[in-house]
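So the structure is just underneath, and the comments pick up after that.
Bear in mind the structure is a predicted one, so any value in this text is a computation, not a measurement. Reckoned from all heavy atoms, side chains included, excluding hydrogens, waters and symmetry mates. Each ligand, and each atom within it, is numbered from 1 in the order the structure gives.
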Amino acid sequence: MNVLINAGPTRESIDPVRFISNRSTGKMGYAIAEAALKLGHAVTLVSGPVSLAAPEGLARFVRIESAAEMAEAMKQAMPGADLIVLCAAVADYRPVVCSSSKIKKGEGRLILELERTEDIALSLGKRKRAGQILVGFAAETDDLESNALRKMREKNFDWIAANEVGKPGRGFASDNNALTLYAADGRRFNLELKPKKVLAGELLSLILNPL
Ligand code: PMT
């Protein structure tokens with residue numbers, strides 16, 4: 001099976017030395033890539049800037065920085081993929097203007113104008129062909145289930161893995177995580193708090209070997 005995974009944060013430049021980003025380290029997405037490799041799949045990993053080494057044995061490894069670059073790489077790789085897992089924390093906003101020189105500090109406030117980035121999951125959901133399995137993530141601080149189910153419906157996912165973020169010991173940057181996995185057909189699985197590397201294998205086995 002050809003598996004396409006995205007992982008890590010994106011960076012949206014403000015000027016040559018500053019950017020908007022988030023706390024994603026890529027640990028969850030890289031763990032899924034490693035688990036898919038262990039199962040013998042051909043894996044393409046599209047990664048934002050993280051400090052992890054690329055897993056050995058990848059069919060393709062694409063490093064990107066911005067949401068626009070991530071969108072381009074994912075759209076290019078999507079047609080050949082059987083399973084697509086969207087674990088990246090893509091910035092939802094970017095500065096309207098990226099200054100070509102370092103912005104000098106002055107007295108008082110600095111107001112940055114932001115615009116929406118492309119919703120990559122939404123774009124891929126619209127392009128999904130028969131037989132492709134599209135799996136999204138939902139990172140939530142509140143109303144985990146209703147937000148996850150709404151995202152699955154709006155973005156045409158077949159599965160969504162919902163995680164609570166903003167609590168210590170799980171979610172962003174931790175080695176551990178807990179997930180609730182929802183299928184578009186109504187099934188639901190609770191994956192308790194455990195190492196992301198273990199969770200990744202369980203996630204793939206539920207998606208690839210439906211009961
Ligand atoms: O990288 P780690 O430090 O290990 O942390 C893991 C994680 C918390 C980042 C991961 O488990 C996770 O939740 N990833 C999804 C983060 C996210 O952006 O969730 P969201 O609920 O905002 O987005 C919903 C879905 O749409 C996600 O599949 C996301 O990849 C996708 N999306 C969002 C915005 C956007 N512009 N384009 C997208 O494709």
Donor-acceptor pairs are to be reported for all side-chain atoms of residues 50-71 against protein atoms at under 3.5 Å, with residues two or more places apart or in another chain.
| from | atom 1 | to | atom 2 | distance (Å) |
| --- | --- | --- | --- | --- |
| S66 | OG | E69 | N | 3.2 |
| E69 | OE1 | E65 | N | 2.6 |
| E69 | OE1 | S66 | N | 3.3 |

Please check if the side chain of [X] supplies one atom and the backbone of [Y] the other of a donor-acceptor pair under 3.5 Å.
X	Y	value
N2	G80	yes
K75	I120	no
D82	M1	no
K194	A178	no
K155	G125	no

Proximal ligand 1 atoms for [X], defined as those under 4.0 Å from one of its heavy atoms:
X	result
T117	36 (N)
A138	21 (O)
K27	1 (O), 2 (P), 4 (O)
G136	28 (O)
E118	35 (C), 36 (N), 37 (N)
K196	2 (P), 3 (O), 4 (O), 5 (O)
K151	20 (P), 21 (O), 24 (C)
G171	5 (O), 8 (C)

Check whether any heavy atom of [X] sits under 4.0 Å from an atom of ligand 1.
X	answer
G29	no
K155	yes
M74	no

Heavy atoms only: which of [options] lies closest to [atom]?
atom	options	answer
atom 7 (C) of ligand 1	N6, N163, L86, D175	N163
atom 15 (C) of ligand 1	F157, Y30, F137	F137
atom 34 (C) of ligand 1	D92, T10, L52	D92

What do you reckon, does A88 have a nitrogen or oxygen under 3.5 Å from a nitrogen or oxygen of ligand 1?
yes

Among L86, I133, V135, which residue satisfies the side-chain contact (heavy atoms from CB on, under 4.5 Å) criterion with F157?
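Of the listed residues L86, I133, V135, the side-chain contact (heavy atoms from CB on, under 4.5 Å) partner of F157 is L86.
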
Starting from [atom], locate the nearest protein heavy atom and write down its residue, its atom name and how far away it is, to 0.1 Å.
atom	value
atom 37 (N) of ligand 1	I120 N, 3.1 Å
atom 35 (C) of ligand 1	V90 CB, 3.6 Å
atom 14 (N) of ligand 1	C87 O, 2.9 Å
atom 31 (C) of ligand 1	A121 CB, 3.7 Å
atom 2 (P) of ligand 1	T25 OG1, 3.4 Å
atom 6 (C) of ligand 1	M28 CB, 3.6 Å

State, to 0.1 Å, how close S99 and P16 come at their nearest heavy-atom pair, and which atoms those are.
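Of all heavy-atom pairs spanning S99 and P16, the closest is O-CD, 3.3 Å.
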
Do R116 and Y93 come close enough that some side-chain heavy atom pair is under 4.5 Å?
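Result yes, sub-4.5 Å side-chain heavy-atom pair found.
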
Below 4.0 angstrom, N of the basic side chain to O of the carboxylate: do [X] and [Y] qualify?
X	Y	result
K151	E140	yes
K38	E34	no
K197	D175	no

Any side-chain donor near an acceptor of the partner, Y30 and T25, under 3.5 Å:
no

